[in-house]
Amino acid sequence: MPATESIKENAIRKLIQELIVPDLSAIKNKINILEERINSVDGKIDYKIDAVNSRMDSLKNETNSKIDAVSDKIDSLNDKIDLMNKYNERLLDFIMHPAQKQ
């Protein structure tokens, strides 16, 4: 007879639930729907965060490339300035001491 008691217990429990919280099944359904919506929004947020991170990485790489290009140009200009300074020193030395160079 334990099965009969279990059926009675379940019936009594359901009756008590209906008396205390008559819309329990509707509330559970609404909770399930809300959880699905939350999961959907979470998925969309994760997708957008991934897209933003990807864009940031792309911009970082692009910026680093531009910085490297500017750095290369600065190095090239520094080399030219050094060469120009050497020529100027030699020219000044030649102008100041022309007799020694002959």
Side-chain angles (χ1 to χ4, degrees):
M1 290 238 186
T4 307
E5 287 179 20
S6 178
I7 293 172
K8 287 180 183 178
E9 287 174 2
N10 285 338
I12 292 170
R13 184 172 32 91
K14 286 182 182 181
L15 180 63
I16 292 172
Q17 282 178 348
E18 283 298 317
L19 290 173
I20 296 173
V21 187
D23 297 329
L24 183 62
S25 62
I27 291 171
K28 285 181 179 180
N29 286 337
K30 287 180 181 181
I31 288 173
N32 288 337
I33 290 169
L34 288 174
E35 285 177 345
E36 288 176 15
R37 288 182 181 172
I38 288 170
N39 290 337
S40 173
V41 169
D42 283 347
K44 289 176 184 177
I45 289 171
D46 289 344
Y47 175 79
K48 293 199 181 237
I49 287 172
D50 289 344
V52 168
N53 286 337
S54 178
R55 181 66 179 137
M56 286 173 55
D57 288 342
S58 175
L59 289 172
K60 183 176 101 177
N61 291 337
E62 189 177 319
T63 301
N64 286 340
S65 294
K66 289 180 179 182
I67 288 171
D68 289 343
V70 169
S71 181
D72 290 345
K73 288 181 182 181
I74 289 172
D75 289 343
S76 176
L77 289 173
N78 283 334
D79 291 344
K80 289 178 183 179
I81 289 170
D82 288 343
L83 185 60
M84 186 178 71
N85 285 336
K86 287 179 187 177
Y87 284 137
N88 285 341
E89 287 173 12
R90 289 179 66 194
L91 182 60
L92 184 62
D93 190 41
F94 182 75
I95 292 171
M96 298 300 280
H97 309 287
Q100 294 176 353
K101 301 299 179 201
Q102 295 178 356

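We're numbering straight along the sequence, starting at 1.
- Atom NZ of residue K8 and atom CD of residue E5 lie 7.5 Å apart, to the nearest 0.5 angstrom.
- For the atom pair D50 CG and R55 CZ, the distance stands at 15.5 Å (nearest 0.5 Å).
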Would you mind writing out the side-chain donor-acceptor pairs for residues 38-48 within the sub-3.5 Å range, not counting sequence neighbours?
unit_1 : atom_1 : unit_2 : atom_2 : d
N39    : ND2    : E35    : O      : 3.3

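- Here the straight-line distance linking atom CG of L83 with atom CG of N88 works out to 9.5 Å at 0.5 Å rounding.
- The backbone N or O of L59 lies less than 3.5 Å from a partner atom in the side chain of T63, making a donor-acceptor pair.
- Atom CZ of R13 has more than 12 heavy atoms from other residues, nucleotides or ligands within 6.0 Å.
- Residue M56 places its CE atom among 12 or fewer non-hydrogen atoms of other residues, nucleotides or ligands, all under 6.0 Å distant.
- Hydrophobic side-chain contacts under 4.5 Å tie I27 into a cluster, directly or through other members, with I12, I16, I20, V21, L24, I31.
- Here CE of M84 is found 11.5 Å from NZ of K80. Values are rounded to the nearest 0.5 Å.
- The structure places OG of S25 at 7.5 Å from CG of D23, a figure rounded to the nearest 0.5 Å.
- For residues 59-73, the pairs satisfying salt bridge (charged side-chain N to carboxylate O under 4.0 Å, His left out) are E62-K66, with sequence neighbours left out.
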